[in-house]
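Only one structure is covered here, and it is reproduced in the block below.
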Number of protein chains: 2
Amino acid sequence: MKKISSRFSIAVHILSLIALSPSPCTSDFIAESVQTNPVIIRRIIGKLKKAGLVQVRAGAGGAYLQKGLDEITLLDVYRAVEVVEKDDLFNFHDHPNPKCPVGANIESVFRTKMLQAQAALEHELAQVTLQQLVNELSEKSGS
Amino acid sequence: MKKISSRFSIAVHILSLIALSPSPCTSDFIAESVQTNPVIIRRIIGKLKKAGLVQVRAGAGGAYLQKGLDEITLLDVYRAVEVVEKDDLFNFHDHPNPKCPVGANIESVFRTKMLQAQAALEHELAQVTLQQLVNELSEKSGS
DNA sequence: TTGGTTGAAACTAAAATGGTTACATCGAGA
DNA sequence: TCTCGATGTAACCATTTTAGTTTCAACCAA
């Protein structure tokens with residue numbers, strides 16, 4: 001395949017950093033923790049902003065959470081960074097031959113199964129809030 | 001992201017075709033139902049063969065199932081076509097900064113959650129056998 | 001022996017990703 | 001008000017993956 005983009009993991013990293021850092025989080029500061037280019041960070045923050053998860057102080061600099069940590073789930077982040085379009089994790093091959101009994105019906109049958117699998121994945125993501133994640137992070141860095 | 005390769009859906013198509021077709025399934029015949037190039041089909045059949053799911057008559061032509069329909073799950077197929085490496089659906093960004101409390105620990109915390117989500121997806125795939133899928137296909141094409 | 005088939009290599013085109021540079025714009029503080 | 005740092009984009013580039021195509025040697029059954 002291809003894996004799910006690292007945008008997702010970077011976005012989670014960014015949000016955790018904003019949540020835990022007392023100082024204002026500029027894209028430069030965040031880029032140093034993620035170890036990538038500040039533009040990459042800004043691009044992802046842009047998506048998080050569009051999803052209403054964070055807010056950015058233009059000019060002054062720094063990103064801030066727009067919701068409580070326990071109001072943001074991993075699914076929200078996953079959706080925000082457009083890891084996949086809704087209901088579209090699995091690629092289907094285009095236009096099977098409709099004259100063939102298998103080709104004519106495989107799509108709808110297979111798609112149903114795939115939607116179930118995808119729903120299971122998303123359900124799992126929806127179970128985890130950033131609050132839980134940050135708590136675990138704090139425990140680890142504390143010990 | 002990127003979506004999960006259509007190899008997966010094509011592989012399922014191929015196996016269903018083999019299961020349902022009375023005549024021998026050559027890559028040309030299959031390619032016509034899938035509506036793609038025969039070489040694409042052979043490449044995927046090669047992977048299914050490596051996974052022990054099908055067997056091919058070299059020279060003569062035609063692919064045949066090597067296991068019972070109820071012994072093959074969608075997870076088997078998913079793994080066979082190497083949709084993703086094991087435990088690797090989600091991409092993690094490389095080398096976060098270990099000097100940062102978040103960067104140092106985000107990977108292990110996040111990865112745990114991702115493995116759970118991936119396990120949920122794979123569990124769902126493991127629930128569906130080709131037998132079920134073929135049954136549903138038959139019902140549809142019969143009606 | 002011949003014809004149809006597989007298996008594999010080599011190549012192409014398109015798309016997605018991650019990364020980089022450059023720059024206009026904004027806004028808070030001196 | 002001016003300046004400096006930060007954001008938001010656009011434009012580019014290299015790499016990887018995918019899907020598709022052509023070509024051809026090897027194989028085997030009739």
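In what follows, chains are A, B, ... by sequence order, proteins preceding strands, each numbered from 1.
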Report yes or no: do [X] and [Y] form a side-chain donor-acceptor pair below 3.5 Å?
X         : Y         : answer
Ser33(A)  : His13(A)  : yes
Glu136(B) : Gln132(B) : no
Glu139(B) : Asn135(B) : no

Could you check whether any side-chain N or O of Thr73(B) sits under 3.5 Å from a backbone N or O of Asp76(B), counting only pairs where one atom can act as donor and the other as acceptor?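 Yes, the answer is positive, given that a donor and an acceptor are paired below the 3.5 Å cut-off.
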
Using modelled atom types and a 3.5 Å cut-off, is there a donor and acceptor pairing between side-chain atoms of Gln35(B) and backbone atoms of Ala31(B)?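 Not a single qualifying donor-acceptor pair exists.
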
Classify every nucleotide of nucleotides 3-10 of chain C by which part a protein heavy atom approaches to under 4.0 Å, writing B for the base, S for the sugar-phosphate alone and - for neither, in 5'-to-3' order. -BSBBB-B

Starting at atom [atom1] of [X], determine the distance to atom [atom2] of [N], rounded to an integer number of angstrom.
X        : N       : atom1 : atom2 : answer
Ile18(A) : dT7(D)  : CD1   : P     : 11 Å
Asn91(A) : dA16(C) : CG    : P     : 10 Å
Gln35(B) : dT21(D) : CD    : C1'   : 17 Å
Ile40(B) : dA14(C) : CD1   : C1'   : 14 Å
Arg7(A)  : dA16(C) : CZ    : P     : 10 Å
Ile14(B) : dA19(D) : CD1   : C1'   : 14 Å
Asn37(B) : dT22(D) : CG    : P     : 7 Å
Ile41(B) : dG20(D) : CD1   : C1'   : 12 Å

Please confirm whether the shortest side-chain N or O distance from Thr36(B) to OP1 or OP2 of dA19(D) is below 4.0 Å.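 Checking Thr36(B) against dA19(D): no side-chain N or O falls below 4.0 Å of OP1 or OP2.
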
Tyr78(B) and Phe8(B) aromatic ring geometry - parallel, tilted or perpendicular at 30°/60° bounds: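 Answer is perpendicular, since the angle exceeds 60°.
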
